[in-house]
Amino acid sequence: MAYWLMKSEPDVFSIDDLAREPGGRTHWDGVRNYQARNMLRDDMRKGDLVFFYHSNCEVPGIVGIAEVIREGYVDHTAFDPDDKHFDPKSSPDKPRWYMVDIRFQRKLDRTISLKELKALSDGKLRGFPLVQRGNRLSVMPITEAQWQLVLALE
DNA sequence: GCCAACGTTGGC
DNA sequence: GCCAACGTTGGC
């Protein structure tokens, strides 16, 4: 089993929004970055666990846990001209973008803030991709050790 | 709202 | 294939 971190702007889709979805499930559409796409399409497996991260908000940080329940499949929102993430270069015969389905597992007891994670980036959390300079991927792999370290902070 | 750090696009 | 211009992300 692998571990991931996925970013979402809470104003757009928060951990509470995920919890409110029927069955706590949603499809993770709208990723339009090739590196992230490759992970969604090729690497994420059913049963993998995901840290749900709130970005671009008052207290950016890890707020909850979700589980991958469906592996990579075509992101059909790219075909919809009315969709915010419409991409005319993606078509059903030649799809360019992929997504997975995730299911809400739980909220953390508290937000593990970016600030707190950064403070550990020279020590215990060295190499944690979220706090590596310049990393703006919205989906990133993390190690089991990193997963456990973050949970220990909770 | 600013801006650093990237990624993408497209002319050449 | 290079690289300038432009767009996006996301912390602050």
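Just so we're on the same page: letters track the sequence lines, and every chain starts at 1. Given the structure is predicted, the values throughout are model-derived calculations rather than measurements.
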inquiry  = What is the separation between atom CD on Q35(A) and atom P on dT8(B), rounded to the nearest whole Å?
reply    = 9 Å

message = Assuming nearest nucleotide by heavy-atom distance, tell me which of R96(A) and N135(A) is located more 5' along DNA chain B.
response = N135(A)

note = Checking dG10(B), dG11(C), dT8(C) against the side chain of P60(A) (C-beta onward), the nearest is dG11(C)

message = I'd like to know if the side chain of R126(A) reaches the main chain of D122(A), judged simply by a donor and an acceptor atom lying under 3.5 Å from each other, with no hydrogens or angles considered.
response = yes

ask   = Ion pair present between K46(A) and E71(A), side-chain N to carboxylate O less than 4.0 angstrom?
value = no

query = D11(A) has an atom CG; how far is it from atom P of dT9(C), in whole Å?
reply = 14 Å

inquiry  = What is the separation between atom CD on Q132(A) and atom C1' on dG11(C), rounded to the nearest whole Å?
reply    = 17 Å

remark   = Looking only at dT9(B), dC12(C), dG10(C), the nucleotide nearest the K7(A) side chain is dG10(C)

task = Evaluate whether atom CD of E58(A) has more than 12 neighbouring non-hydrogen atoms of other residues, nucleotides or ligands under 6.0 angstrom away.
result = no

ask   = Hey, which of L130(A), V139(A), V150(A) is the one that makes side-chain contact (heavy atoms from CB on, under 4.5 Å) with L5(A)?
value = L130(A)

key: Spacing between K118(A) atom NZ and dG11(C) atom P, to the nearest angstrom   = 7 Å

query = If you take all heavy atoms of I15(A) and G64(A), which pair is closest and at what distance?
reply = CD1-CA, 4.0 Å

remark   = Of the listed dA5(B), dT8(B), dG10(C), the closest approach to the Y34(A) side chain comes from dT8(B)

note = Note: for N56(A) and R136(A) on DNA chain B, the residue whose nearest nucleotide lies more 5' is N56(A)

task = Report the distance from atom CG of D87(A) to atom P of dG7(C), rounded to the nearest whole Å.
result = 16 Å

Short side-chain N/O contact to dG11(C) OP1/OP2 from Y53(A), under 4.0 Å = yes

ask   = Rounded to whole angstroms, how far apart are CG on L137(A) and C1' on dT8(B)?
value = 15 Å

task = Write down the distance between CE (M140(A)) and P (dT9(C)), rounded to a whole number of angstrom.
result = 14 Å

remark   = Regarding the side chain of K89(A), the nearest nucleotide among dC12(C), dC6(B), dG10(B) is dG10(B)

request  = Return the value, rounded to whole Å, for the distance between atom CD of E58(A) and atom P of dG10(C).
outcome  = 18 Å

